[in-house]
Every structure is written in structure tokens, then in C-alpha cells.
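Presented below is the structure to which this report refers.
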Amino acid sequence: MPLNSKAQEGFRFLNKTKNKVRVDFKLINNLMVIPLKINNKELAFILDTGSNKTILFNISDNDTIGLKNIEKVTLQGLGKGNSVEALLSQKNTISLQNIQSENETIYVILRDYFDLSGKMGVTIHGIIGNNLLDDFAVKINYISKKIDFYQSKKNKFKKCKKCSILPIRVIRGKPFIQVKVKLDTVDKVFTDVNLLIDSGGSDALWLFENSKENIKTPINYFNDILGEGLSGTIYGNRSRIPALQLDAFEIPKPTVSFLDSLTTVNAKIFKERNGSLGSEILKRFTVWIDYPNKVLMLKKNSNFSRDFNYNMSGLELVYNGKQLVKEEEIKTVKDAYNQGLEANNTVNFVTSFSYKFKPSFKIKSVAKNSPAEEAGLQKDDIILHINGIQTHELNLGSILEKLQEKDGKKIKITIKRNGKILKFEFYLKQKV
């Protein structure tokens, strides 16, 4: 069976009298996480417009899914490594509230190459893309964190005064859009580029270096790890360009990651592709994407004017499981009438302790010549406090936000290393 084959019947509304299904999602690291059921087992999946396969990559002995009709295949993705072995399972039932398909193909990767659960701080079981999306018109509200699915292929989005409508091309299940980018700070020339609409990419823009079209990394950049693909680590040059133009919307100074030709050779199912439009851009709009009618509509939201920042510490942090935390509980003694004691009376406190499991985070890697490396932080250090806040009271997203707030911000970190408690401090440093 070909890798890109699609179930004949596809997803449909179980209740045919309804024209809309609304689904809540969690927005973590700019990615949409939705609750799916596979063969009646509830799991957490990333909704990824950049994927033309349903991929399951994080299953344990506790996840009894009952996959059907399994055979071995190989998959190739971004990165410079080799293809990976996977299992192909057919005729599975996938449901999302009132939406369901009983004939879905799933690719099972036995090793979690992405480590998305560690990087996002919650368990992520897989990725779903066009199989769920291409029979519907979909509205994504990044502010309210809700997705509306519309079942009618004949319904077109109602035009709004402050919206821009752009045509898309759907090639092998993936949506592409042509936009304009200003690559040079000297002149005012905009270059047309064809980008994959990639809600599964947390960055703003990826551009593929191409000498023919004069797409190349600006002078001011730094090399960074952009993520993990099926075929290995994805490296690129992080930089910033003067502007991105999406029809009537001009977005100034977005961050851009430039990927070399070796890394991107497996990404070009569409030979004219120049890169990806990621969720750091998409989340600045209410997004309507209509696969059947091949249309994208955008309306800017309250995120639109936010600055484009990135992690300026040099730290890559991941979830490190649960830790047992001792918490003190203090209760004030009340009088017989359940009134708080007066200030001039003797006040007694009853102190007790409770133990709760709370999240732990550690350093996966430290970039060379970064502020964190110069301060002395190391791989596998356990983060206990950041700027006076205990990290078990935070989630991974809020910790990362502190590491990209602004150039020159002082960061104080307390860590545990080999049983010792150590304190460090450094200043965030903007490179581009």
C-alpha cells in the first residue's frame, strides 16, 4: 500500500444534522494539542497541517490500542540521517467528538525520535494532519483555543471587512501558499516564495537556501538546533528578515530559520517549495483553512503586534518526569464564632505537611558560547528555581517564555547537580 494512500471514506460527522463541530485544544509551544480516540483509546495528538500522515510515536504498555492489519514500512523525513522503520496499520477507527472515520491508516514509529512529550511537558502520542482536515473547512481561533469544523464542501467562508483571502494549493495532502518576503535590509524588493502552511512547526518561518532564487542566510545569524525529524536532528541558521507580506498584512522583522539543501532534500515533495509558514505566524491570526475550496482566510488577533523573540539563553530544557515535593500547610486558629482572632490576641498556627507529585525539568543541552554555558550550566542539571520561582509550580512553556522575554534580562537559576544545590545567573543576549 503506498505511503500516501488515504482511506476512501474519510472523516465525516456522525450527526448529519449538524453543520459544525467545535473542539477545544491546548496551545503548547505554539502547537495545537487535541484529544483523539484511536480504536476507542483516548490519546493526545498534535494537529499538523504540514503532515500528510497520521503518525503514532509514543505508546507504552499501558496504551492498549488494538492496531489492525500491521506491516513493516520505512519512512524518510527532515534531517540528514537514514530512513526509519515503522509499522503501517490499516482500517483503524479515529474519532474526535462528533467526527469519525473507521478506515484510517496509521504509521507507528517504535522509537520517539521527536521527544515531543519531553519538549512540551505533557504526553504527546502522535501527529495527525490532512486525513482529518481535507474533508472540512476549518476555523482556528488561537485566542479562545477552539477549532470549528464545518462539514459542507459547498459552504464558503463569509467574507469579513478586515480579512485577507489567499488561494492555496494542496499537493499530496499538504497546503501551500505563495507569500512575499523582504530578504534584504538595503532595498525594498519583495521576493515571492512558496511556503508549506505548517501548524506543526513552532517557529515563525523556515526558508530553504537557494542560490538561483537568491534565498540565503543574512550576514547576522547564529547556527542552532531547530528540532528533531524522522531522519535526524534538524540544524539551521537563525536570523531575522525585514518583513513578511501576507496579502494586506505586512509583518515586520520576523525571525527566520534558514535550512541548507542537504537538510531539506526530503522536504521537497513540491519542487517549488521555498520553506514553511509556522505557528509563530499563524497564531497572530484567526485562521480559516478550506481544503475543499482551496482557500485560506486570515484576520489578525491580539497577538499580531507581539515582537518575535526566541530562546536567548542557550538552554534546551525538557520535562524530567514527576518529583515528590514537600509542601507546608499553615492554618490560622478561629474562635468559637468562626472569626479570625484580633491582632492584639495571641495567634496560634497549626502547621502540617503534605507530599505531592509535581513536574521536574532538566537541561537537555547547552549551546556553545551561549550565556548559559558561560555561566557554567551543564547538560542534565535539574532546574529547581528560576528568578525566585520554584519550577515545579510552572509548566515548560512558561519557563521557556522567561528565557525569551527581552535582551539583557537577568536570569537567576538554582539547579541540582549530582546531589548538590548550585546557583547561577546570566543575562539573555540577543544575537539577531
Side-chain angles (χ1 to χ4, degrees), residues 1-16 18-26 28 31-60 62-71 73 75 77 86-110 112 114 116-117 120 122-140 145-153 170 172-175 198-200 230 289-292:
M1 185 174 183
L3 285 183
N4 294 302
S5 60
K6 180 181 179 296
Q8 292 183 355
E9 186 176 2
F11 283 90
R12 69 196 188 283
F13 281 22
L14 293 177
N15 185 344
K16 296 182 179 180
K18 291 189 175 183
N19 188 47
K20 181 179 80 173
V21 169
R22 173 165 288 180
V23 176
D24 292 328
F25 67 88
K26 295 178 181 178
I28 306 174
L31 306 182
M32 294 180 286
V33 180
I34 60 173
L36 282 186
K37 285 187 178 179
I38 295 182
N39 299 333
N40 213 35
K41 176 71 176 181
E42 189 161 318
L43 302 170
F45 270 63
I46 289 173
L47 183 60
D48 182 4
T49 57
S51 176
N52 60 0
K53 302 176 182 68
T54 300
I55 301 176
L56 181 65
F57 53 74
N58 192 352
I59 54 176
S60 66
N62 296 324
D63 296 322
T64 306
I65 299 172
L67 297 171
K68 304 173 182 179
N69 305 300
I70 292 175
E71 61 181 281
V73 294
L75 295 176
L87 302 177
L88 182 151
S89 174
Q90 302 177 56
K91 297 182 179 179
N92 296 282
T93 297
I94 300 181
S95 57
L96 176 66
Q97 292 188 20
N98 190 44
I99 301 171
Q100 184 168 296
S101 172
E102 296 87 15
N103 191 22
E104 289 300 306
T105 298
I106 298 173
Y107 296 86
V108 184
I109 300 172
L110 301 180
D112 185 2
F114 303 100
L116 281 174
S117 296
M120 296 179 71
V122 297
T123 300
I124 304 295
H125 296 96
I127 296 170
I128 191 166
N130 80 297
N131 274 27
L132 176 60
L133 296 170
D134 67 1
D135 289 322
F136 302 105
V138 177
K139 176 185 176 183
I140 302 170
K145 300 179 180 59
K146 296 183 187 299
I147 307 172
D148 292 333
F149 291 82
Y150 298 89
Q151 70 170 335
S152 175
K153 291 185 178 180
V170 180
R172 290 174 65 181
K174 296 186 177 186
D198 188 9
S199 68
L230 284 176
I289 184 165
D290 185 342
Y291 278 74

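In this chain, residues are counted from 1 in sequence order.
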Inset, instruction - Could you tell me whether the side chain of T93 reaches within less than 4.5 Å of the side chain of Q100, counting heavy atoms only? - result: yes

Inset, instruction - Kindly give the heavy-atom pair with the smallest separation between K53 and N130, and that separation in Å. - result: N-OD1, 4.0 Å

Legend entry - Under 3.5 Å donor-acceptor, N40 side chain and K37 backbone: no

Legend entry - Atom pair OG (S199) and CD1 (I147), whose distance is rounded to the nearest 0.5 Å: 8.0 Å

Inset, instruction - Please assess K139 against K20 for the test side-chain contact (heavy atoms from CB on, under 4.5 Å), listing each intermediate value before the final yes or no. - result: CA-CA 10 Å; K139 176 185 176 183; K20 181 179 80 173; over 6 Å; no

Legend entry - L133 and F149, any side-chain heavy atoms less than 4.5 Å apart: yes

Legend entry - Check: I128 main-chain N/O paired with S51 side-chain donor or acceptor under 3.5 Å: no

Inset, instruction - Test M32 against I140 for side-chain contact (heavy atoms from CB on, under 4.5 Å), laying out the working first. - result: CA-CA 10 Å; M32 294 180 286; I140 302 170; 3.5 Å; yes

Legend entry - Residue pair Y291 / D135, side-chain heavy-atom distance below 4.5 Å: no

Inset, instruction - May I ask you to check whether F136 and Y150 place their ring centers less than 6.0 Å from one another? - result: no

Inset, instruction - For side-chain contact (heavy atoms from CB on, under 4.5 Å), just list the numbers for L132 and I34, CA-CA rounded to whole Å, side-chain angles, deciding distance to a tenth of an Å, and then say yes or no. - result: CA-CA 12 Å; L132 176 60; I34 60 173; 4.0 Å; yes

Inset, instruction - Output, in order, the C-alpha distance, side-chain angles, deciding distance and verdict of side-chain contact (heavy atoms from CB on, under 4.5 Å) for I46 and I124. - result: CA-CA 7 Å; I46 289 173; I124 304 295; 3.9 Å; yes

Legend entry - Atom NZ of K18 with >12 non-hydrogen neighbours under 6.0 angstrom: no

Inset, instruction - Would you indicate whether the side-chain heavy atoms of S101 and I94 approach each other to under 4.5 Å? - result: no

Inset, instruction - For the residue pair Y107 and L56, establish whether any side-chain heavy-atom pair is separated by less than 4.5 Å. - result: no

Legend entry - Donor-acceptor pair between N15 and N98 side chains, under 3.5 angstrom: no

Legend entry - Nearest atoms (heavy-atom pairs only) where P35 meets L96: O-CD1, 2.9 Å

Inset, instruction - Could you tell me which non-hydrogen atom of K146 sits nearest to which non-hydrogen atom of F25, and how far apart they are? - result: N-CE2, 3.2 Å

Legend entry - Minimum heavy-atom distance between T49 and P175, given as atom pair plus value: O-CD, 3.1 Å

Inset, instruction - Could you pull out the closest heavy-atom pair between N131 and N52, with the gap in Å? - result: OD1-O, 4.4 Å

Inset, instruction - State the CG-NZ distance between N103 and K91, to the nearest 0.5 angstrom. - result: 7.0 Å

Legend entry - Pairwise side-chain contact, I99 with F13, heavy-atom cut-off 4.5 Å (strictly under): yes

Inset, instruction - For residues V21 and D148, determine if any side-chain heavy atom of one lies less than 4.5 Å from a side-chain heavy atom of the other. - result: no

Legend entry - Spatial distance of atom CD1 (I38) from atom OG (S95) [nearest 0.5 Å]: 9.0 Å

Inset, instruction - Say whether, by atom type as modelled, one donor and one acceptor occur between the side chain of H125 and the main chain of A44 under 3.5 angstrom. - result: yes

Legend entry - Flag side-chain contact, heavy atom, 4.5 Å: I109 against I55: yes

Inset, instruction - Give, for atom CD of Q97 and atom CG of L36, the distance between the pair rounded to the nearest 0.5 Å. - result: 10.5 Å

